[in-house]
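Quick notes on the structure that follows.
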Amino acid sequence: MKTKGRKGKARTRTRIRYHLLASTLVTLLFMGGYSLAAPRETLLKISSDHFRIAPLPSGIAGPLITARGELYVEVVTDARWRLRWEFLSEDYRITSPLGQEVSGKGARLQRIPIVWKFDWMTPPGLYEAPINIMLEIAGEESITQRKLLKLRVPFLAVITPQSFRRLRITDDNHLDRQLSLEIHANAPWVLQVEVTKSHESLALVCNCLYHSVATQFLSSAPVLVLPNQIIGLAQGEAGGDHRLVLDWQKAPSAPLRAGDYPFYLRFSVLPVRGELLQKGGEY
Amino acid sequence: MKAIRVLPIVLLLICLTAAPAFAQSHKVDATVLIPAELTVKPLLILSVNGVKDFSNDWLPGGVLTHSFRKEVTPVPGQEATYVESRAYEVWVYSNAPWAARIGRTDYIVRAARQSRFENQIDQENRLGFEYRKTDSDNWQPLNVWSMTPIWDAAGPTGNDGQELGSYQFRGVVDSRTTPGKYSFAVYFTAYQE
């Protein structure tokens, strides 16, 4: 009997220990979870989208390129608040049209537009810039979160012709057959030309009358350009100081009947990826 | 029912076909399309014995003349004698349909210290003119200020030009022809049509 009574007590103690252990675990887990998801932090939720580079229309190549992005800040409070932000990188031209802060009252999804400007010497690649977002609520300690703004810069290039008027190639008018091009690119580039939508017997000779120091015309002699053949004309390094004046004439060998021959000159700027450039056919 | 089963496959195929085109449209190169127009003006070159005459803007076609001066002494009783010119090698270069003509100017005859034009000479005393291709014995009459056809081409000559051949003139003198020095010019004319 004595033995039975001892066993019962021992079981009871074990149960109590288990209960204590389980209660402690539950309490610890609860406390731990509570501290991990601090309610103060949930007052501020930040998300962002990718930066979009503004379209680069031909003919309007400025010294700076603009990329736009947005931060979405969710403020969860009933009180008055002030949201401030600070761009931590001084190397980049990053601003917001809203300035540096915005204030409000109550819960709100605040959009912060961000403008990231860079010049033509910025090579293609992924750029990162940290930003601090601070939420101040009256009577409470401010909350700060850091976010990394990411901008992916692709190869960018703009060809700016002196005008988009029709190029008139005749034997007697030297000015109407000349074309001036400006090229901006953020990496080493090559300029190609193709004669399209033309009479099949058309043959042109392209001569470079002028090129800026930073620009290299690929041929020392006039270049023969035949329809639907892509010819490399010039190349250069990254930057915006590239200008070419090209003179176009009918190739003397072209057996063309008297008349008018409309066509298009398609100029393309491509990045040079370390490949050897194919020189245009010298005439 | 069959069509409904096939429809998803067709849609999938369309999507797969369109995907590369979509990727292509995301090329990052810069492209500019410049409209242009090449104007090829009518050009006609007439070459006679290597001397070239170029057409110009106000007169389509070229004119080349060669003076031809001969002293004629009719032989009494001789029905016809001939005074021949040298041969003229004629080439034409044209980038449009063209035609070539041959002719001669009227002449001046200087005799007995007097100069008279062709129309001032009695009809019976006149000098006759003929031409031929040198590879032919067939002499043709060549009237004053005539535009005698020697070639009509429906298309351009191409860069190599068109050889018209070698031509020769001669004056026909009979016993009634007024003696004297006859000066005139033969000409080749080409024009574009």
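Chain A is the first sequence line, chain B the second, and so forth, proteins listed ahead of strands; every chain is numbered from 1.
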Members of residues 136-150 of chain B whose heavy atoms come closer than 4.5 Å to chain A
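Counting heavy atoms that sit under 4.5 Å from chain A, no residue of residues 136-150 of chain B is involved.
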
Least distance between heavy atoms, [X] atom then [Y] atom:
X: Ala157(A); Y: Ala30(B); answer: O-CB, 3.0 Å
X: Arg257(A); Y: Pro97(B); answer: NH2-CG, 3.1 Å
X: Pro161(A); Y: Val32(B); answer: CG-CG1, 3.9 Å
X: Thr31(B); Y: Ser268(A); answer: OG1-OG, 3.5 Å

Where does [X] contact chain B at under 4.5 Å (heavy atoms): side chain, backbone, both or neither?
X: Ser163(A); value: backbone
X: Arg177(A); value: neither
X: Leu179(A); value: side chain

Do [X] and [Y] come within less than 4.5 Å of each other through their side chains, counting heavy atoms only?
X: Leu202(A); Y: Leu38(B); result: yes
X: Lys250(A); Y: Val40(B); result: yes
X: Tyr264(A); Y: Ile34(B); result: no
X: Arg266(A); Y: Leu33(B); result: yes

Residue [X] excluded, over 12 heavy atoms near [atom1] under 6.0 Å:
X: Lys117(A); atom1: NZ; value: no
X: Asp152(B); atom1: CG; value: yes
X: Asn119(B); atom1: CG; value: yes
X: Glu128(A); atom1: CD; value: yes
X: Arg152(A); atom1: CZ; value: no

Given Thr39(B), which of Asp260(A), Asp176(A), Ile169(A) fulfils the side-chain contact (heavy atoms from CB on, under 4.5 Å) condition?
Asp260(A)

About how many Å separate CG of Leu167(A) and CD of Glu37(B), when rounded to the nearest 0.5 Å?
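The distance works out to 10.0 Å.
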
